Each structure stands twice: as C-alpha cells, then as structure tokens.
Amino acid sequence: QIRYSIPEEMTKGMFVGDVAKDLGLDVKLVSGRARLVLDSNSQYVALNPNKGHVVVNERIDRETLCAKKSPCSFSLEIVLLENPMELHPVTIEVLDVNDNAPTFQNNHLEFEISESAALGSRFVLESAYDADVGANGLQSYILTPNHHFVLKQHVRRDGSKYSEMMIEKPLDREAQPRLSLKLLAVDGGNPQRSGTVNIDVNILDVNDNAPVFNQSLYKTIVTENAPTGTLILTVNASDIDSGSNGKVTYSFSKTKAGVTDVFDIDGDTGRIYVAKEIDFEKDKRIEFRIEAKDQGLTDSAKVEVEVLDENDNAPVINVMSFSNPVSEDSAVGATIGIINIKDLDSGENGQVRCTVEGNVPFKVKSNVRNYYALITDAALDRETLSECNITIIALDGGSPPLQTRRTLFVKITDVNDNAPAFSSASYKALLIENNSPGASVLSVNARDPDENQNARVSYFLEDSEIGGSPVSEYVTVNAESGAIHAVRSFDYEQIKQLVFMVRAQDGGSPPLSSNVSVRILIQDQNDNPPQVLYPVQTGGSMVAEMVPRSADVGYLVTKVVAVDVDSGQNAWLSYKLQKATDRALFEVGLQNGEIRTVRQVSDKDAVKQRLSVIVEDNGQPSRSATVVVNVAVADSFPEVLSEFTDFAQDKEYNDNLTFYLVLALAVVSFLFITCLVVIVSVKIYRWRQSRILYHSSLPVIPYYPPRYSDTLGTGTLQHVYNYEVCRTTDSRKSDCKLGRAASQNVLIMEPSSTGTMQRIQSDKSILDEPDSPLE
C-alpha cells in the first residue's frame, strides 16, 4: 500500500511520488508495463514513463473531490500488464489549502422577537458554509457587540458549527423597535478568511409561548431515485397560544445549505417531500433541521434520512489491453486481453460476474479484484473460425440484475498447418496413341484450406522411371494449373500405360505437400495391318500344299495364320477367299483361317490350284493383308512336279521358279548318290579291317545295342541286360554260348553283311578270357 500526500490546486506536471522507487522496480520495467487506473473518470494524476514518477495531470480541487469529507483522498491502481500481472493500490491524500472563505446562503437575516421574550431565549442563526476543512474550515462566529444579545456557538456530532443568538437583556420595543446586527464567520487559515451576514431584529408585541415539536429527532428511510413528490415524513409542533400567536408554520432550518434542493416541506402541514432524485452513491445519509414558528417564537428538531441503495448502476467494462489479431497456433490459456469491470452500487448490487457469450474458444478468468484476463479456451483453427466477435457480459447481483455487454472483434491469423489435398484419391485418363507432342492429357487439382502464401499450391512430378527412362521424358505438369501434357507421341504397341506420382506443395514455411497417383492409359488405334505368319511368302520360290484326289468334303488343306499387333477389336481378324482357281472347291474359315475342301475332289479338278486369301482386322477404318496359297491336287509328287512346271509361265509367279526346282532336284540327287558311295566305301573298309584284325588279333569295332545310353559321357547301360553271344568261324558253322554280361559289358559283333561274328579263336572262347583285349 503506497500513500502520498499533496496539497490541492497543484499545477499540472508537479511531482507526486516516485512509484518506481517505492515499489522497488526498475524505471524501464515500470515505463513499459505499468498502467495507472483511477477510480473516477477524472485523470488527476499520470505516470511519467521516463522517470517512473506520478505527476499531477490536471487541477485538483479538494472541495470538488471530497466536499466536506476529511481526510480527502482518491485511490488509483498501478497495474503491471505482463505475466505475472501485478496490482499495486496507491492512495493519494489531497491536503486542504485555505482557498475558500466562509459564506452564508443569505446575505440578510430578519428576526421578529417579542418584547416579552424571556432572558435566555435563543434564536438559531444561519450557519456559514466553508468548503475547506480542518483548520482552514469554519472556526467561529462573531456577533457585533450590542446590549441585548450574546452569541452562543455549538458543534454538531458531524463537526459542523452553528451559532445561536441569546437574549441577555430584556427587549424594549418602545425604546428600540429594531436592531441591526452583523454576524461574522471566520476560518482558521493563514491568511484568515471570513464571511458576514446582516441581521435585522424586529421587536414584536408579546407572544410569550413558542411552538414545541412532539419529538426532538425524526428518523425516516427513503430509497434512492424515489420519484419527485414522494412523501417521506410528517413533522408536528404545537403552540398553546391562541389566535395568530398560536399558528405554527414549518420550514427548513438555515443551519445546513443544500437541503432545500433535495426536499420540500409544506409549511402548513409539516409534510416533507422528495424534491429531486436522491443518489445513494453521493449521500448515504442526509441530516437536517426543521423549524416550527408562530408569530415570533420558534422551535427546532432534527431529521435523519437514511438512503437505501437500489441497483441503478450497470457494470462498466473497460478494456485495458487487447491483442488483435491472434495466431491460430496460440497455446490454450494464452492471454489476449485485460478487462477492468466496476459497479458503483454497493453490497449485492455491486457484485459483478463476468462471462463470455456464445460458443467461442475464449473465456474470461478473474486474476485480481475487478480485473479479468481474456484467454483462449480451446485450440484455435483459422480454417474453422477465421474471425469472431467476443461478447463480454458483466452481470451484477442486484434484483433485477443489470448487465453490460461489450463486443470485441478478433481476427485469427493463419499458420501453415494444412497440406494440399487433391480432389481425387487418384487420377485416371485415356490418351489415344499417335498423339501430338504437347497434347493436354488431364489436370490435377489440389486445395489448401490455409490462406495467402500458405494456400498457394504448386505441382511437381515426383522423380521416377518408366521403362528405364525418367518420367519427365514422357509427361510434364504445369506448376501453376496442374495441367498434365504429353511430351512425345506414344505408341500403344510399345507402351500401354503410364503410372507416376504428382506432388502438390504449398508456399508455406516450411512447405507442406501431398502426392497423388496418376495413371494414363494409352488407347489403341488401328495403325498396324495384319501380318501373315503362315504360309510364308518367299520371294522367288513356290510352296504348294498337296491335296490327294481322294480327299473328302471338309479336308483341311492348310491354315492361314496371321496376327495383328493392335489390340481389342483392332486385332480381331477375319479371313476371306478373295479369288481362287476353283471357288467351288475350297473355302476359308472366317475366324480361324482354315482352308478346307467344300466338295469331293474329282479327277477333273486341275492339279494346280491358286488361292488368294485376304486377312482384314476389325478397326475403323480396317486394314488388310493378302496371302497367296498354292494347292496341288495330286496323289504323287512326280505328278505334281510335272504339272507345276507350267507355273513358270504364270505371270503371277516368279520366272526363276523352274530353275530353282531343277537345281533343288539336282542337288538332292547328287547328295543321294554321294551318300550311297560313302556307305559302300565304309562297308568295304570295315570288311577289310575285320580281315586284318582276324589275322593280327586286333580288336574289332564294337557294336552297341539299341537300349544303350551314353549318359553323362560314361557309356554305360541304363539297366542290367543279358545277351546271348554267338561266335562263328564262317557263315555255315556257328558256336553259340550263352553268357551273362554285367551292365558294363558290350556286345561285340562282326560287322559283316550277314550280321554274324567271325570266329577269332578256334578252340577257346574269347569271352572266357578276362584279360583278353577283345572282351
């Protein structure tokens, strides 16, 4: 708690106190974080940010600020806004200076006093009002010297002073019917100030009984803001005199100024009414005196009015600080504003509850008295809520309660927290082959819910290979629009589809990206004619298919085999007989290309038949190929050869066909004769070798049986076999022995024309000699 004392009427900028020093804070810290908050709307003092001093900001009039209240002070609060938030209350006492003189409400007073007034009768004089307090306030009254009256001074419980004029000597109207006096009110200031009022005393005839109130103190209660004219109290006084001397009138005593502005009194009945609205926040209790007066005598009584508070002040919301905009990545519980709320009412009527209206991700939290922090209540998402109005409701505890609403607009700024999202999980497009380079294939599209640069999407091809080549050699993507174009012309027969990845990347920092699969299917065009695989069309030779004359109906002559490298219906082939030597003899299968006889072949049919078959695909437009099939209707090859010699004269056949046929026949004959000569020579050579072997005991050439298998180069039999071995010395005699040979035994035979073995030894079998080289 910091307290400073300053005199009133100080000029602007004058020093009040060093809060930085008194709080033990650094001047820079105070200047950057501190705020002064005054309870009233007037900004009497301000904070010097350079020195950390509190200085006078505007003229301070103690009388305006506190009226008669003493001591006079006002409170303020020094708030340090940064975390942690600190609150330091400061009280500044305003010291009074003697800048106001005592004043009377009226400058002239008149009294009518009966000459029969008893000694000691008192007459209450008007009180002077001095706005100053303490020693500078009203100290005493001075009555000008006279022979009949003396001045008596009194002090009320609230400290105010009033005076009474008391008869010291009897009055004599005949000697002196009128007295003129002066009442002087002086204060205790330096220099001393004073105020005067003239008093005229008219001495009346005898009226020796004064009115008397039925009670000396009246108490009543009134609610603030009571309507004008509301009756609050009726006072009553009686006078035992009769006639005009006993008629009583009521009035407010002149002892306290300002009461007549709040209340009215009916002089005849003593009823007191509300003259204007009463504010509890200014006056919680009102005290004044009333007088009852007859023709010359008076009596007075005290009235105390207690003011009851009503809930007539709504809470006041003051925004001390507010951060706008707010980033969407702000942590939950982050402070974005400081709010001060006050209610001038008291008790329950001044108790305030503060809330945030609606379903918004913000709330208020009470930190210190009358201060609330506006904080985030949930994670912020700009894509869901980019801006909102925060309506703060302050509700007091009155009945009925009063509320104040304050709406704050907050904008939520974006951070790059969303990757681009493609409109499809994958993309698929069709492209007809033989396209022109640069042709547009399709466009990919990705959206980013962020904004500005964070939502700017660029498209790129992911590095990959298609058939060993980079994907960039096949397609390209526009970085801005996402349009995909073909880099070159495609051939369906070489590549049927392209599968690659496209990356969408935003412009945030760091950037976020996502990928999507793109599949481009190459569509086939009918750009390839059928290709005939069989029969093979040789350049100069003639190939003919033989049909025996005994062939029945449906005999399969041959089959035309063709393929089309296109696909789909472009590769569906059909076979048609374009022309033939005899169209009634042969037909071609439309789907399979089989050439069959339609009727029984007769002897009258020509030996040589030539068929022209056209093969067509099913494309639009269709493509075709033609193949020529030569058919020979004959039962033997010489007949065919003799008939087909005439083919040399056919213009559609090659002129050198006969030459090649003759040459082939000659070569075959030559090879046949050569083979015969070689076989005979070998036979003779083996026979001579066997004769020589017989006389020289050399081994004969072995003969292997048919079931012998040269497996893995070992030359062994697959299984165990038994053989009967016969040895003969000539073709007429034979010496046969049955021998059982193992799997590694071989059968040795004489390679003679008769197929018998020569006798090698006359008396002894060679199989009986295990060491014999012949075995």
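All heavy atoms count here, side chains included; hydrogens, waters and symmetry mates do not. Since this is a predicted model, take the numbers as computed values, not measurements.
- Separation of atoms OG (Ser73) and CZ (Arg3) is listed at 5.5 Å; rounding is to 0.5 Å.
- No donor-acceptor distance shorter than 3.5 angstrom exists from the side chain of Gln351 to the backbone of Asn349, with no hydrogens or angles considered.
- Remark: side-chain polar atoms of Glu224 are not paired, donor with acceptor, to backbone N or O of Asp309 under 3.5 angstrom.
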Query - Stepwise side-chain contact (heavy atoms from CB on, under 4.5 Å) test for Val352 and Leu395 - result: CA-CA 5 Å; Val352 179; Leu395 185 70; over 6 Å; no
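- Using a 4.0 Å cut-off between charged side-chain N and carboxylate O, Glu58 and Lys12 make no salt bridge.
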**Report entry** Worked verdict on Asn225 versus Asp312 for side chain to side chain donor-acceptor pair (under 3.5 Å)
**Finding:** CA-CA 8 Å; Asn225 303 318; Asp312 60 338; 2.7 Å; yes
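- Pairing each heavy atom of Pro7 with each of Val97, the nearest pair is CB-CG1, 4.2 Å.
- Nearest heavy atom pair, residue Thr404 against residue Ala314, reads OG1-CB, 3.5 Å.
- The OG atom of Ser513 sits 7.5 Å away from the CD atom of Glu462 when rounded to the nearest 0.5 Å.
- A tilted orientation is assigned to the rings of Tyr44 and Phe74, their planes being inclined by 30° to 60°.
- Judged by the 6.0 Å distance and 45° axis criteria, Lys284 is positioned over the aromatic ring of Phe280.
- The aromatic rings of Phe422 and Tyr427 stand perpendicular to each other, their planes meeting at an angle above 60°, with 30° marking the opposite boundary.
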Show me the side-chain donor-acceptor pairs of residues 478-486 shorter than 3.5 Å, one per line, residues at least two apart or across chains.
residue, atom, partner, partner atom, Å
Asn478, OD1, Glu480, N, 2.8
Asn478, OD1, Ser481, N, 3.0
Asn478, OD1, Ser481, OG, 3.4
Ser481, OG, Ala483, N, 3.4
His485, ND1, Gly438, O, 3.3

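- The heavy-atom pair separating Asn340 from Asn370 by the smallest distance is ND2-O, 3.1 Å.
- Using a 4.0 Å cut-off between a side-chain N of Lys or Arg and a carboxylate O of Asp or Glu, Arg369 and Glu77 qualify as a salt bridge.
- Remark: the backbone N or O of Tyr218 is not paired with any side-chain donor or acceptor of Glu304 at under 3.5 angstrom.
- Under the 4.0 Å criterion applied to side-chain N and carboxylate O atoms, Glu306 and Lys219 are not assigned as salt-bridge partners.
- The minimum heavy-atom distance between Asp99 and Asp61, with the atom names listed, is OD2-OD1, 4.2 Å.
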Query raised in the report: side-chain contact (heavy atoms from CB on, under 4.5 Å) between Ser386 and Ile412: does it pass, once the steps are laid out?
Result: CA-CA 5 Å; Ser386 61; Ile412 300 174; 5.7 Å; no
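- Under 4.0 Å is where a charged nitrogen must lie from a carboxylate oxygen, and between Asp187 and Arg193 no such pair does.
- Smallest separation of non-hydrogen atoms from Ala419 and Pro449: O-CD, 4.4 Å.
- Of the possible donor and acceptor atoms, one in the side chain of Thr220 sits under 3.5 Å from a partner among the backbone N and O of Ile232.
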Requested in this report: Go through the steps for Ile6 and Leu95 under the test side-chain contact (heavy atoms from CB on, under 4.5 Å), then give the verdict.
Outcome: CA-CA 6 Å; Ile6 60 172; Leu95 303 178; over 6 Å; no
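- The distance from atom CG of Asp329 to atom CZ of Arg382, rounded to the nearest 0.5 Å, is 12.5 Å.
- The side-chain heavy atoms of Ile339 and Ile317, taken from C-beta on, include a pair separated by under 4.5 Å.
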Query - Candidate pair Leu408 and Val319, rule side-chain contact (heavy atoms from CB on, under 4.5 Å), full reasoning - result: CA-CA 9 Å; Leu408 303 177; Val319 179; 4.0 Å; yes
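- The only option from Thr407, Ile392, Thr391, Asn389 that meets the side-chain contact (heavy atoms from CB on, under 4.5 Å) definition with Glu357 turns out to be Thr391.
- For an aromatic pair to be called close, the ring centres must be under 6.0 Å apart, and Tyr273 with Phe263 fails this.
- Under the side-chain contact (heavy atoms from CB on, under 4.5 Å) rule, Val410 has a single partner from Asn324, Leu374, Val360, Leu380, which is Asn324.
- For the atom pair Gln505 CD and Phe460 CZ, the distance stands at 5.5 Å (nearest 0.5 Å).
- With hydrogens and angles disregarded, a donor-acceptor distance shorter than 3.5 Å links the side chain of Asp506 to the backbone of Leu512.
- The side-chain contact (heavy atoms from CB on, under 4.5 Å) test with Pro361 singles out one residue from Val356, Val326, Leu385, Ile375, and that residue is Leu385.
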Requested in this report: Would you sort out whether Asp377 and Lys363 count as a salt bridge (Lys or Arg N to Asp or Glu O under 4.0 Å), showing the intermediate values?
Outcome: CA-CA 6 Å; Asp377 189 34; Lys363 68 177 182 179; 3.7 Å; yes
